[in-house]
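One structure is given below, encoded as structure tokens.
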Amino acid sequence: MKHIMSLGILASTVLAFASPVLAQTVFVSTQLRPIEEATVVREELLKDVGPVDYVVEEPPQFAVRMEAERQAGKHTVSLVGALHGELSPLADKDALEPLDDLAKKLAASGMPQSLLDLGKLGKSTQQYIPWMQATYVMAAKKEALQYLPDGADVNALNYDQLIEWGKNMQEATGQPQIGFPAGPKGLMARYFQGYFYPSFTGGVVRTFQSADAAAGWEKLKALWAYVTPNSTSYDFMQEPLAAGEVMVAWDHIARLKNAISAAPDDYVVFPAPAGPKGRGYMPVVAGLAIPKGAPDKAGAEKIIEHLSMPETQLLTASKVGFFPTLNIKLPPDLDAGVALLAGAVTATQASKDAVISLLPVGLGDKGGEFNKVYMDSFQRIVLQNEPVADVLKAQGATMAKLMADTKAACWAPDAKSDGPCPVQ
């Protein structure tokens, strides 16, 4: 994504508008950006914690803003909330305050050490506190279950079964009944990075233009025959599900929640399908971090402690569908839709054939360009029916240049690399 302002201009802007005394603790987040979610944060999750200015930013703008403030040496932001991969570049530049004391408190409160270790971002000190976690699942109207292929287990589907299911539903109803969030603000790129590629190739970057990838794209073309064309306009799948436009959908749990919570008895929620290499899935961990030079470090620490309290974590799960990082049981009176989503998350994590794919790491402000490689490939191969090999060769070259430019090393499920992750 092109940035209108250069870092230098933006840094000047930061200097011009930064006040030496801030009445509010500025909390900038790449998460919970939609208006409904941001309102929950401001009016419920941050209630009674003091004056907080909760500011949402798209990941590319977040990266530019944080770098501008770091270069300027004048800080307006006291707390950041972002994904693991979005915080990693800040840690690489030594731009985050160590949070070891907070980490010790939270370990004693039941936050798993494995999650806390993830928050060290490969360093010896705690770089961020795990805030909330999520993943992506599939949901279906119960009426769709009658069309499942013989012998298919909805909790252990493979792609051939999903295709046959789609075919059965379309023949019975006269309409394609599967939907994906392939719209302008949908999270379809994460489907390719966390689900499709790991399931068919066992990797994400190294295997981008492999024979396994080509076979996977052919399988996706077969599936797309039973996917509604309206998918290219869908950003959140909860809306077409609730409206009856589709009976089966894949999306982020927070973007399915409203439909399922509104009518929990109407739905089943289950893991995404498996491919030849296993059942790819992407755990999503968001963290809270304090930039070095934060004008209100004490206020930021207070907010982190508040958002990490069991009652706040459970409220977060109930209201926005992101799950606790504390090891706490979900209460029996929890929203029935959230409970359904939680069950699908557990089933995904417990799958014997699970292939974990981490969010991209080390791309800095190039995450949008990385997503575009997959979305452009999808447009050309699936929607425009261009030859798979030709598209993968062209897009593979774009991917290789992006890895070289960012010097991003491989992340799971790709095997580790000494330098930039290679496209093989």
Side-chain angles (χ1 to χ4, degrees), residues 34 136-149 152 154 157-197 199-200 213-256 258-260 266-270 272-273 275 280 368 371-388 390-392 394-395:
Y136 302 75
V137 294
M138 294 197 76
K141 290 283 186 73
K142 284 183 178 176
E143 64 197 85
L145 297 178
Q146 64 186 303
Y147 305 115
L148 270 174
V154 75
L157 285 177
N158 60 43
Y159 272 88
D160 287 333
Q161 291 170 329
L162 180 60
I163 291 169
E164 189 176 348
W165 191 12
K167 181 175 183 286
N168 293 344
M169 288 187 289
Q170 185 161 323
E171 287 178 349
T173 66
Q175 301 290 333
Q177 294 291 346
I178 298 175
F180 283 88
K185 294 185 179 179
L187 296 174
M188 191 71 182
R190 297 302 190 216
Y191 166 73
F192 293 117
Q193 298 156 11
Y195 294 80
F196 173 75
Y197 257 85
S199 296
F200 281 95
W217 282 107
E218 293 292 354
K219 189 70 71 173
L220 186 63
K221 286 170 69 175
L223 172 62
W224 214 259
Y226 309 110
V227 171
T228 176
N230 291 336
S231 288
T232 54
S233 66
Y234 292 153
D235 294 331
F236 287 55
M237 289 313 301
Q238 59 197 12
E239 293 153 4
L241 271 174
E245 294 177 26
V246 297
M247 289 199 285
V248 177
W250 174 95
D251 208 346
H252 190 286
I253 56 173
R255 294 179 172 212
L256 293 167
N258 287 354
I260 295 167
D266 293 351
Y267 293 96
V268 291
V269 190
F270 49 97
N371 293 346
K372 190 173 184 295
V373 172
Y374 292 91
M375 293 307 294
D376 284 354
S377 300
F378 163 67
Q379 290 271 351
R380 294 176 61 182
I381 293 171
V382 178
L383 302 184
Q384 297 169 16
N385 201 32
E386 293 185 33
V388 175
D390 293 351
V391 174
L392 292 184
Q395 295 298 127

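All values derive from a computational prediction rather than experimental measurement.
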- [ ] Measure up the Trp165 and Phe270 rings against each other and bin them: parallel (under 30°), tilted (30 to 60°), perpendicular (over 60°).
- [x] tilted
Open item on the list: Would you compute the distance between atom OG1 of Thr232 and atom CE of Met375 and round it to the nearest 0.5 angstrom?
Closed with: 9.5 Å
Open item on the list: Run the side chain to side chain contact (heavy atoms under 4.5 Å, CB included) test on Asn371 and Gln193 for me, step by step, so that the C-alpha distance in whole Å, both residues' side-chain angles and the decisive distance to 0.1 Å come before the verdict.
Closed with: CA-CA 8 Å; Asn371 293 346; Gln193 298 156 11; 2.8 Å; yes
Task: Over 12 non-hydrogen atoms of neighbours within 6.0 angstrom of NZ in Lys185 - done: no
Open item on the list: Quiz question: by atom type and distance under 3.5 Å, do the side chains of Asn258 and Glu239 form a donor-acceptor pair?
Closed with: no
Open item on the list: Do Ile381 and Leu392 make a side-chain contact, defined as non-hydrogen atoms from C-beta onward lying under 4.5 Å apart?
Closed with: yes
Task: Point-to-point distance, once rounded to the nearest 0.5 Å, from CG of Leu145 to CE of Met169 - done: 9.5 Å
TODO: Work out which heavy atom in Pro273 is nearest to a heavy atom in Leu162; give both atom names and the distance.
DONE: CG-CD2, 3.8 Å
Task: Tyr234 side chain near Thr228 side chain, heavy-atom distance below 4.5 Å - done: yes
TODO: Would you indicate whether the side-chain heavy atoms of Asp160 and Lys219 approach each other to under 4.5 Å?
DONE: yes
- [ ] Please confirm whether the backbone N or O of Asn158 pairs with a side-chain atom of Gln161, one donor and one acceptor, at under 3.5 Å?
- [x] yes
Task: Contact check, side chains of Asn385 and Lys221, non-hydrogen atoms, under 4.5 Å - done: yes
- [ ] Would you check if Arg190 and His252 make a side-chain contact, meaning some heavy-atom pair closer than 4.5 Å?
- [x] no
- [ ] For side-chain hydrogen bond (donor to acceptor under 3.5 Å, both in side chains), just list the numbers for Asn168 and Gln146, CA-CA rounded to whole Å, side-chain angles, deciding distance to a tenth of an Å, and then say yes or no.
- [x] CA-CA 9 Å; Asn168 293 344; Gln146 64 186 303; over 6 Å; no
Task: Heavy-atom closest contact (Met188 atom, Ala182 atom, distance) - done: CB-CA, 3.8 Å
Open item on the list: I want to check something: taking the side chain as every heavy atom from C-beta on, are Leu157 and Leu148 in contact at a cut-off of under 4.5 Å?
Closed with: yes
Task: Which atom of Ala140 lies closest to which atom of Val248, heavy atoms considered - done: CB-CG2, 3.8 Å
Task: From CE (Met138) to CG (Asp251), nearest 0.5 Å - done: 10.5 Å
Task: Taking every non-hydrogen atom, the tightest pair across Ala242 and Ala259 - done: CB-CB, 4.1 Å
Task: Pairwise side-chain contact, Lys142 with Tyr267, heavy-atom cut-off 4.5 Å (strictly under) - done: no
- [ ] Please name the residue in the list Phe236, Tyr191, Trp250, Tyr136 that meets the side-chain contact (heavy atoms from CB on, under 4.5 Å) test with Pro181.
- [x] Trp250
Open item on the list: Taking Leu241's backbone N and O only, do any of them form a donor-acceptor pair with Lys141's side chain (distance below 3.5 Å, no angle check)?
Closed with: yes
TODO: Specify the closest pair of heavy atoms between Gly216 and Phe200, including all atoms of both residues, with the distance to one decimal.
DONE: CA-CD2, 3.5 Å
Open item on the list: Looking at every non-hydrogen atom in both residues, tell me the closest pair between Trp217 and Ser377 and how far apart they are.
Closed with: CZ2-CB, 3.9 Å
Open item on the list: If the threshold is 4.0 Å, N to carboxylate O, is there a salt bridge linking Asp235 and Arg255?
Closed with: no
TODO: Verify the ring-centre separation between Tyr374 and Phe196: is it less than 6.0 angstrom?
DONE: no
Task: Distance, nearest 0.5 Å, that separates CD of Glu164 from OH of Tyr226 - done: 9.5 Å
Task: Residue pair Tyr147 / Gln177, side-chain donor-acceptor N/O under 3.5 Å - done: no
Task: side chain to side chain contact (heavy atoms under 4.5 Å, CB included) evaluation trace for Leu220 with Phe192 - done: CA-CA 11 Å; Leu220 186 63; Phe192 293 117; 3.6 Å; yes
